[in-house]
Amino acid sequence: MQLIRTLSHFVLMIGCLSALWGQKDQKNTTDLVTYEELRNNFQKVQLDSVKARIYAETFLFIAKKNKDSVKMADAYHLLSQTYTNDLALKYADSVIVCTKNLDKHKVYPALGYLQKGNTYFNNGQYKKALNEYIRGSELAKTRNRTQYMTIRFNIGLLRNLLDEREESMSIFREYLAYVDHSSFEDSNLYYNKALYALADSFLHTKHLDSADVLISRGIQKTIRENDSIVYPYFVMGAGISAFHKTNYNVAVDSLIKAESLMSSLTDKTALTVCHLFIGQSLKELDRMEEALVYLKEVDSLIQDKNFITPKLLETYYLLIDYYEAIGDTKNQLYYLNNLIKFDSLLNTNHKYLLKNITKKYDTPELISVKQNLINRLQKDKFISEKALVYVGVLAVLLLFLVFYYLRRYFIFKKRFKKLIFDYEKKNKDSKLGQRGTYVRTDYENSTEELSDLRLSKEVIDEILQKLEHFENTNKFIKKNSSLSRVAKDLNTNSTYLSKIINVTRKTNFSNYLNDLRIDYVIKRLREDKQLRSYTVKAIAKEIGFNNSQSFSVAFRKKTGIYPSFFIKQLDDIESK
């Protein structure tokens with residue numbers, strides 16, 4: 001069977017060569033025209049990797065025959081696009097080897113590094129992807145603006161993984177504007193990719209109306225241009241938007257369609273995200289048996305590629321909760337181990353990306369901008385009083401930024417010390433009795449404010465005692481602790497409970513719940529070193545918050561600092 005496939009492949013390749021050489025004889029064309037025809041045919045069948053490979057290998061055969069190193073690099077680049085594994089990296093390396101001695105070539109060897117970065121990225125190897133992008137960026141910066149902007153766009157995608165959405169959206173908008181005013185090969189394809197990246201950022205930040213506008217525009221545009229590569233992403237985006245709007249049946253239909261369209265693409269990360277949202281949607285429709293198929297497929301893809309993103313980590317929370325609910329300890333433990341493993345990997349990857357994007361990419365970029373500014377000033381003969389003014393302004397701005405961040409650090413440090421002091425004092429005071437010794441006192445001081453409830457003193461006292469028990473037993477860390485749910489647990493109604501909390505605790509229910517959780521987590525973090533090793537998101541889940549953002553906002557509101565800063569300061573204290 002293998003021999004038959006090899007012979008068929010060879011016959012197709014000879015047929016391709018014969019047809020093209022026949023055209024050359026009839027048209028009296030050059031090899032360059034033949035290369036263009038091969039490239040065009042490659043692009044037409046690009047989603048069929050076997051057929052595409054035939055055109056790429058024919059391209060390589062002719063390039064070797066003509067001893068044309070640049071065309072050989074073109075062929076290797078095409079071949080690299082037909083694989084997703086080590087062969088893709090091998091051919092990308094061949095691009096670099098073929099062109100490494102070319103001085104100031106506009107495309108090579110930077111394109112080889114870009115292709116390697118894309119291959120690593122699609123396989124979830126983000127650290128390696130970043131290193132290749134940085135190498136390519138250094139070469140493309142002064143040679144090829146389009147290539148440089150494309151690499152910058154890809155680094156924007158890596159920023160998305162760090163939840164630096166504002167920074168990445170700025171990059172995507174800049175890239176869209178650049179492509180919109182440029183004309184280069186495949187510019188429509190690159191524009192569509194950037195359009196989806198921006199829409200995806202809106203989806204993650206829950207700006208659903210803005211996301212829907214871009215998704216609708218992207219679907220129409222990719223259909224009109226017959227763009228079968230990016231079209232599935234917009235279909236997936238429509239499904240994710242429907243999920244966030246709780247239109248779960250619509251979400252499932254769109255996501256399953258996207259899954260089918262994506263099965264031939266090399267980007268397995270996107271396919272995995274698609275499976276996760278299908279699983280989540282089916283769960284919300286009480287179709288858990290079907291959901292498990294997709295959630296386990298997510299786990300399988302994560303295990304196979306050994307990659308993870310913050311969103312994909314939710315798979316394990318869903319699987320763990322399910323198996324805990326049915327009492328399947330074996331599977332619960334299995335997915336709990338996977339969660340711990342990939343949460344650690346995620347933390348490691350994030351630290352590496354954050355450090356190296358700043359150190360190896362952002363800092364050289366700033367230095368380059370500064371040098372370009374100086375060169376421009378020299379060229380325009382402004383190395384005089386005006387130049388000194390500009391440099392002075394720049395220096396003042398830099399000093400201001402340094403001052404701002406130092407000042408913020410010392411303010412945070414001061415708040416941290418006060419927080420620890422208050423904690424220690426509260427800890428000593430707690431030995432005299434439990435929290436909340438104000439049941440009757442608060443009622444007696446608030447008789448007039450509570451009079452509109454038309455409840456007896458005994459009933460209000462009973463609710464307050466139950467509320468105090470709720471606080472002392474840490475029931476507030478339970479997930480989805482809404483006002484109505486807590487009222488039901490306390491055997492009262494939400495109107496009475498809300499009013500009593502407003503009067504006796506001097507705040508609304510939402511702030512009351514958040515304050516309890518923050519007080520609780522401060523105590524836990526101070527005493528539990530293992531908890532400090534968790535990600536912020538994991539800590540947030542541990543104490544009842546739905547996501548890390550709401551936790552960070554609540555922590556900052558109550559303490560004046562971020563939880564990550566608080567944890568780092570605690571670790572620093574212990575390390576001294």
Side-chain angles (χ1 to χ4, degrees), residues 124 126-127 160-165 204-206 269 272-273 276-277 279-280 283 295 298-299 302-303 306-325 329 331-355 419 474-481 513-559 561-572 574:
Y126 303 121
K127 291 195 277 188
N160 265 355
L161 299 174
L162 300 170
D163 278 336
E164 294 183 342
R165 297 287 170 179
H204 275 81
T205 53
K206 301 298 190 297
T269 304
T272 310
V273 171
L276 171 58
F277 275 102
Q280 288 180 308
K283 174 184 176 293
L295 295 175
V298 174
D299 173 58
I302 291 172
Q303 298 275 10
N306 199 40
F307 76 93
I308 192 68
T309 66
K311 181 63 185 174
L312 294 179
L313 211 58
E314 293 180 18
T315 306
Y316 295 109
Y317 292 112
L318 293 171
L319 289 168
I320 291 165
D321 288 347
Y322 171 75
Y323 284 112
E324 181 182 15
T329 307
N331 273 312
Q332 183 186 354
L333 182 60
Y334 171 77
Y335 289 112
L336 182 61
N337 285 333
N338 285 353
L339 171 63
I340 293 169
K341 170 187 171 183
F342 286 108
D343 183 62
S344 176
L345 177 63
L346 180 66
N347 191 39
T348 301
N349 283 342
H350 273 216
K351 284 182 179 178
Y352 180 91
L353 290 175
L354 187 61
K355 176 184 175 182
L419 199 58
N474 301 328
K475 295 287 182 63
F476 48 81
I477 67 170
K478 187 177 179 181
K479 196 174 180 182
N480 299 323
S481 295
L513 192 66
N514 285 346
D515 285 350
L516 287 173
R517 288 171 172 173
I518 299 306
D519 284 340
Y520 171 80
V521 81
I522 288 171
K523 184 176 185 296
R524 282 282 310 277
L525 289 169
R526 185 75 175 89
E527 299 171 356
D528 188 349
K529 187 175 181 180
Q530 184 177 356
L531 183 64
R532 298 203 295 270
S533 67
Y534 289 14
T535 63
V536 172
K537 182 174 182 179
I539 295 172
K541 296 275 186 182
E542 180 85 5
I543 62 171
F545 284 95
N546 290 325
N547 52 64
S548 58
Q549 185 177 5
S550 58
F551 168 49
S552 294
V553 169
F555 197 97
R556 173 80 190 275
K557 182 178 179 181
K558 182 167 177 62
T559 67
I561 61 178
Y562 292 104
S564 55
F565 183 87
F566 179 73
I567 292 168
K568 185 178 184 306
Q569 293 301 310
L570 287 176
D571 288 338
D572 287 348
E574 289 198 0

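Each residue takes its place number in the sequence, starting with 1.
You'll find the side chain of F277 stays beyond 4.5 Å of the side chain of V298, heavy atoms only.
Ring orientation note: the planes of Y335 and Y323 are close to parallel, at an angle under 30° on the 30°/60° scale.
Heavy-atom contacts from other residues, nucleotides or ligands closer than 6.0 Å to NZ of K311 number more than 12. For Q549, the CD atom counts as loosely surrounded, since its 6.0 Å shell holds 12 or fewer non-hydrogen atoms of other residues, nucleotides or ligands.
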*Please assess N338 against L319 for the test side-chain contact (heavy atoms from CB on, under 4.5 Å), listing each intermediate value before the final yes or no.*
CA-CA 11 Å; N338 285 353; L319 289 168; over 6 Å; no
_Verdict with reasoning, K558 to R517, per side-chain contact (heavy atoms from CB on, under 4.5 Å)_ = CA-CA 11 Å; K558 182 167 177 62; R517 288 171 172 173; over 6 Å; no
*Given side-chain contact (heavy atoms from CB on, under 4.5 Å), test V536 with I539 step by step and report yes or no.*
CA-CA 5 Å; V536 172; I539 295 172; 5.5 Å; no
*Test Y322 against N331 for side-chain contact (heavy atoms from CB on, under 4.5 Å), laying out the working first.*
CA-CA 10 Å; Y322 171 75; N331 273 312; over 6 Å; no
*Candidate pair E314 and K537, rule salt bridge (charged side-chain N to carboxylate O under 4.0 Å, His left out), full reasoning*: CA-CA 10 Å; E314 293 180 18; K537 182 174 182 179; 3.7 Å; yes
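When the options N337, D299, D321 are evaluated for a side-chain hydrogen bond (donor to acceptor under 3.5 Å, both in side chains) with Y316, the one that passes is D299. With I543 as the fixed residue, the side chain to side chain contact (heavy atoms under 4.5 Å, CB included) test singles out one of N474, V521, N514, L516: V521.
The closest donor-acceptor contact from the side chain of R532 to the backbone of L525 lies under 3.5 Å.
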